[in-house]
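Read the structure below first, then the notes.
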There are 2 protein chains.
Amino acid sequence: MTVRLLLADDQELVRSALSALLELEEDFEVVASVGRGDEVVDAARSHQPDVALLDIEMPGLDGLAAAAVLKVQVPACRVVVLTTFGRAGYLRRAMEAGVAGFVVKDAPSEVLASAIRRVMRGERVVDPALAALTLAAGESPLTARERDVLTVARSGATVAEIATKLYLSEGTVRNYLSAAIAKTSARNRLDALRRADERGWL
Amino acid sequence: MTVRLLLADDQELVRSALSALLELEEDFEVVASVGRGDEVVDAARSHQPDVALLDIEMPGLDGLAAAAVLKVQVPACRVVVLTTFGRAGYLRRAMEAGVAGFVVKDAPSEVLASAIRRVMRGERVVDPALAALTLAAGESPLTARERDVLTVARSGATVAEIATKLYLSEGTVRNYLSAAIAKTSARNRLDALRRADERGWL
DNA sequence: ACTCACCCATGACAAATGTCATGGGTGAGT
DNA sequence: ACTCACCCATGACATTTGTCATGGGTGAGT
């Protein structure tokens with residue numbers, strides 16, 4: 001009995017390469033392949049894959065958001081998230097989205113294949129190194145607003161601009177930024193951004 | 001007559017996937033595959049590939065630096081750089097490093113295959129969209145020192161820290177930062193960093 | 001010789017940023 | 001009811017950052 005797969009990755013070349021790799025296994029069959037997050041659900045509905053392999057960084061809809069929608073719309077399809085190593089925060093979000101497997105692109109191909117098979121058997125699969133990293137980063141100490149302010153600041157905006165965009169007073173924005181800097185034990189707005197980003201707190 | 005290929009990409013999964021993809025073509029043969037830039041030259045020397053397919057982001061040695069070394073040490077081996085779209089500055093550096101082809105990972109697989117074949121015939125191959133982007137970004141207006149200061153600033157350092165690290169006075173650092181901000185027409189240190197990075201000026 | 005771009009530096013000033021104390025409002029949990 | 005965490009805001013303050021004028025030194029090119 002062959003596993004029907006759906007591939008989603010924004011990089012065309014990576015997508016077709018993965019497809020070629022997975023087709024080498026006799027029990028895998030790639031039945032659909034999309035390049036945007038918002039095409040995932042449609043494709044899953046029409047091709048009824050057993051497992052969807054989703055990259056996180058995608059245009060249209062985030063891979064994790066796509067996973068959440070898929071969970072509801074096509075519950076029979078299990079999700080394996082496939083992404084670049086390092087982004088610690090993703091794992092937590094992925095688990096909340098009901099993802100069954102989490103494989104990093106650094107892993108050798110056998111890991112991916114076995115992850116898919118294990119997910120098919122109903123197991124949950126997570127790269128242990130990544131799990132450790134996530135545990136180490138811990139949960140975000142930032143409040144929703146602090147996160148908002150930081151993410152707007154990321155584009156290089158001044159306090160005044162952030163205030164306008166979020167309908168806040170400048171003082172409030174400064175307070176949130178100050179809190180975020182303190183919580184990340186950073187020296188700077190920039191430093192805070194870097195540190196928060198590293199730990200997946202954004 | 002088959003083309004002997006060397007693959008270099010830090011992501012194991014991408015590497016083996018690409019390998020699977022390229023092996024589908026009868027005239028291609030992957031003779032070596034490495035995950036670090038500093039392993040490229042050794043591998044090229046022992047396996048004598050016709051074409052080396054290099055990712056840019058790699059530990060040990062940058063893909064472009066590896067290309068430059070390869071050019072000298074194993075001149076018979078032509079280089080095709082394969083990287084993520086968007087980083088405009090890379091193309092210029094790649095051309096200076098004597099790279100024969102430049103393919104983005106967004107491209108469909110036929111583009112990669114044809115690029116490899118054309119490079120084998122002695123042609124130079126560059127994605128036209130990428131070339132346009134690079135032209136649009138233009139050459140960096142930043143002086144060496146301004147670049148230095150910016151790159152140190154990227155880690156979230158304060159002016160004082162940058163000054164210490166580069167053995168400059170604080171005032172000088174501020175001057176360079178100010179110049180960089182002006183030249184990128186940014187509002188901020190952060191903004192300047194973002195803009196310069198986007199255009200490959202770092 | 002002269003120009004020009006870049007290197008480095010100072011000092012002074014304006015503007016933005018970061019910190020702190022303080023206080024009022026809301027909703028969730030005990 | 002009470003606490004607690006979070007929301008939002010103000011005002012005052014110290015510090016940092018960004019800007020500008022100015023000037024000296026170097027090396028490459030004309």
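Keep in mind it's a predicted model, so treat the numbers as computed, not measured. A, B, ... follow the sequence lines: proteins, then strands. Residue 1 opens every chain.
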Heavy-atom donor-acceptor pair, B/T184 side chain to B/I181 backbone, under 3.5 Å:
yes
[atom1]-[atom2] distance between [X] and [Y], expressed to the nearest 0.5 angstrom:
{"X": "A/L202", "Y": "A/D148", "atom1": "CG", "atom2": "CG", "result": "10.5 Å"}
{"X": "B/L6", "Y": "B/L70", "atom1": "CG", "atom2": "CG", "result": "7.5 Å"}
{"X": "A/T84", "Y": "A/D106", "atom1": "OG1", "atom2": "CG", "result": "7.5 Å"}

Pair B/Q73-B/R45, side-chain donor/acceptor within less than 3.5 Å
yes
Just the rounded figure in Å: distance from [atom2] of [N] to [atom1] of [X].
{"X": "A/L190", "N": "C/dA16", "atom1": "CG", "atom2": "P", "answer": "19 Å"}
{"X": "B/R189", "N": "C/dA15", "atom1": "CZ", "atom2": "P", "answer": "19 Å"}
{"X": "A/Y167", "N": "D/dA9", "atom1": "OH", "atom2": "C1'", "answer": "18 Å"}
{"X": "B/E170", "N": "C/dG11", "atom1": "CD", "atom2": "P", "answer": "12 Å"}

Which atom pairs link the protein and nucleotides 19-22 of chain D when you take only N or O atoms and keep those under 3.5 Å?
residue : atom : partner : partner atom : Å
D/dT19  : OP2  : B/S178  : OG           : 2.8
D/dC20  : N4   : B/N175  : OD1          : 2.8

Heavy-atom side-chain proximity of A/L142 to A/K183 below 4.5 angstrom
yes
Flag the pair A/L168 / A/Y176 as yes when at least one side-chain heavy-atom distance between them is below 4.5 Å, and no otherwise.
yes
Ion pair check, A/R195 and A/E198, cut-off under 4.0 Å:
no
Using 4.0 Å as the upper bound for N to carboxylate O, is an ion pair formed by B/K105 and B/D55?
yes
The side chain of A/S169 is closest to which nucleotide in this list: D/dT10, C/dT10, C/dG18?
D/dT10
Shortest non-hydrogen contact between A/R78 and A/G122, atoms and distance:
NH1-CA, 4.1 Å
Residue pair A/L166 / A/R145: nearest heavy atoms and the distance that separates them
O-NH2, 3.7 Å
Contact residues, residues 151-164 of chain B to DNA chain C [heavy atom, < 4.0 Å]:
none
Can you list every pair that meets salt bridge (charged side-chain N to carboxylate O under 4.0 Å, His left out) and has a residue in residues 151-163 of chain B, with sequence neighbours left out?
A/R187-B/E161, B/R154-B/D197
Using the 3.5 Å cut-off, write out each protein N or O paired with an N or O of nucleotides 3-7 of chain C and the distance between them.
residue : atom : partner : partner atom : Å
C/dC7   : OP1  : B/R145  : N            : 3.2
C/dC7   : OP2  : B/T143  : OG1          : 2.7

Taking only residues at least two apart or on different chains, which pairs with a member in residues 109-118 of chain B satisfy side chain to side chain donor-acceptor pair (under 3.5 Å)?
B/E25-B/R117, B/D27-B/R117, B/R118-B/E123
5′-ward residue of the pair B/L166/B/N188 relative to DNA chain C:
B/L166
Angle between terminal axes - the helix from C/dA1-D/dT30 to C/dT30-D/dA1, 5 pairs each end, rounded to 10°
30°
